[in-house]
Undergrad: 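Starting off with a structure, shown below.
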Amino acid sequence: QVQLVESGGGLVQAGGSLRLSCVASGRTFSSFTMGWFRQAPGKEREFVAAISWNGGITSYADSVKGRFTISRDNARNTVYLQMNSLKPEDTAVYYCAADVGIVVVIIESYYDYWGQGTQVTVSS
């Protein structure tokens with residue numbers, strides 16, 4: 001079993017930055033593909049970013065490309081999401097997810113474990 005705990009959410013003004021963290025415990029973190037997803041009020045959960053087990057491959061949603069950066073520290077069992085130039089439309093609950101497969105995927109059904117989410121609110 002894998003437990004994922006997100007932190008770092010909060011309230012920020014448009015144009016500001018936040019860094020989300022997700023700490024994993026349980027099985028071997030370093031072998032997982034890790035992803036970030038988000039769900040805005042009244043909307044479906046959507047893919048944000050993903051990173052391969054060794055950090056060599058990353059993938060981003062078009063809406064965040066150039067503004068968000070996903071990274072990981074396998075020694076700390078942690079994946080990060082650096083969010084810059086935040087916009088009000090980035091407001092959502094952000095979820096960390098782990099996929100035991102080795103291929104970086106953007107479809108949430110492929111992910112095996114999920115955190116409880118952290119709220120990000122961007123004011124205009």
Undergrad: We want to know whether N84 and S17 form a side-chain donor-acceptor pair, criterion being a heavy-atom distance below 3.5 angstrom.
TA: yes
Undergrad: In the structure I gave you, are the side-chain heavy atoms of W53 and T33 within less than 4.5 Å of one another anywhere?
TA: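 A side-chain contact under 4.5 Å is absent here.
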Undergrad: Are M34 and I107 in one and the same hydrophobic cluster, where Ile, Leu, Val, Met, Phe, Trp and Tyr link if side-chain heavy atoms are under 4.5 Å apart?
TA: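 Different clusters.
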Undergrad: Who passes side-chain contact (heavy atoms from CB on, under 4.5 Å) against L11, sequence neighbours left out?
TA: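 Here the qualifying residues are T121, S123.
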Undergrad: Drop me the distance from L81's CG to R38's CZ, to the nearest 0.5 angstrom.
TA: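 One gets 9.5 Å once the value is rounded to the nearest 0.5 Å.
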Undergrad: What pairs with S7 under side-chain contact (heavy atoms from CB on, under 4.5 Å), at least two apart in sequence or on another chain?
TA: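 side-chain contact (heavy atoms from CB on, under 4.5 Å) check on S7 returns S21.
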Undergrad: Any pair with a residue in residues 15-36 that passes ring pair (Phe, Tyr, Trp, His ring centres under 6.0 Å), sequence neighbours left out, goes on the list, sorted by first then second residue, please.
TA: none
Undergrad: Considering only Ile, Leu, Val, Met, Phe, Trp and Tyr, and joining two whenever side-chain heavy atoms are under 4.5 Å apart, list the other residues clustered with V104.
TA: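 Members alongside V104: I57.
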Undergrad: Can any side-chain N or O of R72 pair as donor or acceptor with the backbone N or O of T78 at less than 3.5 Å?
TA: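 No: the side chain of R72 does not pair with the backbone of T78.
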Undergrad: Using the salt bridge (charged side-chain N to carboxylate O under 4.0 Å, His left out) criterion, which residues pair with R19? Sequence neighbours excluded.
TA: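 With sequence neighbours excluded, R19 shows a salt bridge (charged side-chain N to carboxylate O under 4.0 Å, His left out) to no residue whatsoever.
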Undergrad: Do M83 and V120 make a side-chain contact, defined as non-hydrogen atoms from C-beta onward lying under 4.5 Å apart?
TA: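 Sidechains of V120 and M83: in contact.
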Undergrad: List in chain and number order the residues that pass side-chain hydrogen bond (donor to acceptor under 3.5 Å, both in side chains) with T28, two or more places apart in sequence or in another chain; answer none if no residue qualifies.
TA: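 With sequence neighbours excluded, T28 shows a side-chain hydrogen bond (donor to acceptor under 3.5 Å, both in side chains) to no residue whatsoever.
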Undergrad: Residues in side-chain hydrogen bond (donor to acceptor under 3.5 Å, both in side chains) with K65, at least two apart?
TA: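 For K65, the residues satisfying side-chain hydrogen bond (donor to acceptor under 3.5 Å, both in side chains) (neighbours in sequence not counted) are D62.
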Undergrad: Who pairs with E89 by salt bridge (charged side-chain N to carboxylate O under 4.0 Å, His left out), at least two apart in sequence or on another chain?
TA: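 Salt bridge (charged side-chain N to carboxylate O under 4.0 Å, His left out) check on E89 returns nothing, list empty.
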Undergrad: Mind checking side-chain hydrogen bond (donor to acceptor under 3.5 Å, both in side chains) for D99 and listing every partner two or more places apart, or none if nothing turns up?
TA: none
Undergrad: List for me each residue that meets side-chain hydrogen bond (donor to acceptor under 3.5 Å, both in side chains) alongside T118, sequence neighbours excluded, and say none if there are none.
TA: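 In terms of side-chain hydrogen bond (donor to acceptor under 3.5 Å, both in side chains), with neighbours along the sequence ignored, T118 is linked to no residue.
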Undergrad: State whether the side chain of E6 and the backbone N or O of C96 hold a donor-acceptor pair below 3.5 Å, judged by distance alone.
TA: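 Looks like yes, one N/O pair under 3.5 Å.
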Undergrad: D112: what forms a salt bridge (charged side-chain N to carboxylate O under 4.0 Å, His left out) with it, not counting sequence neighbours?
TA: none
Undergrad: Scan for ring pair (Phe, Tyr, Trp, His ring centres under 6.0 Å) pairs involving residues 74-111, sequence neighbours excluded, and state none if there are none.
TA: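 Found F37-Y111.
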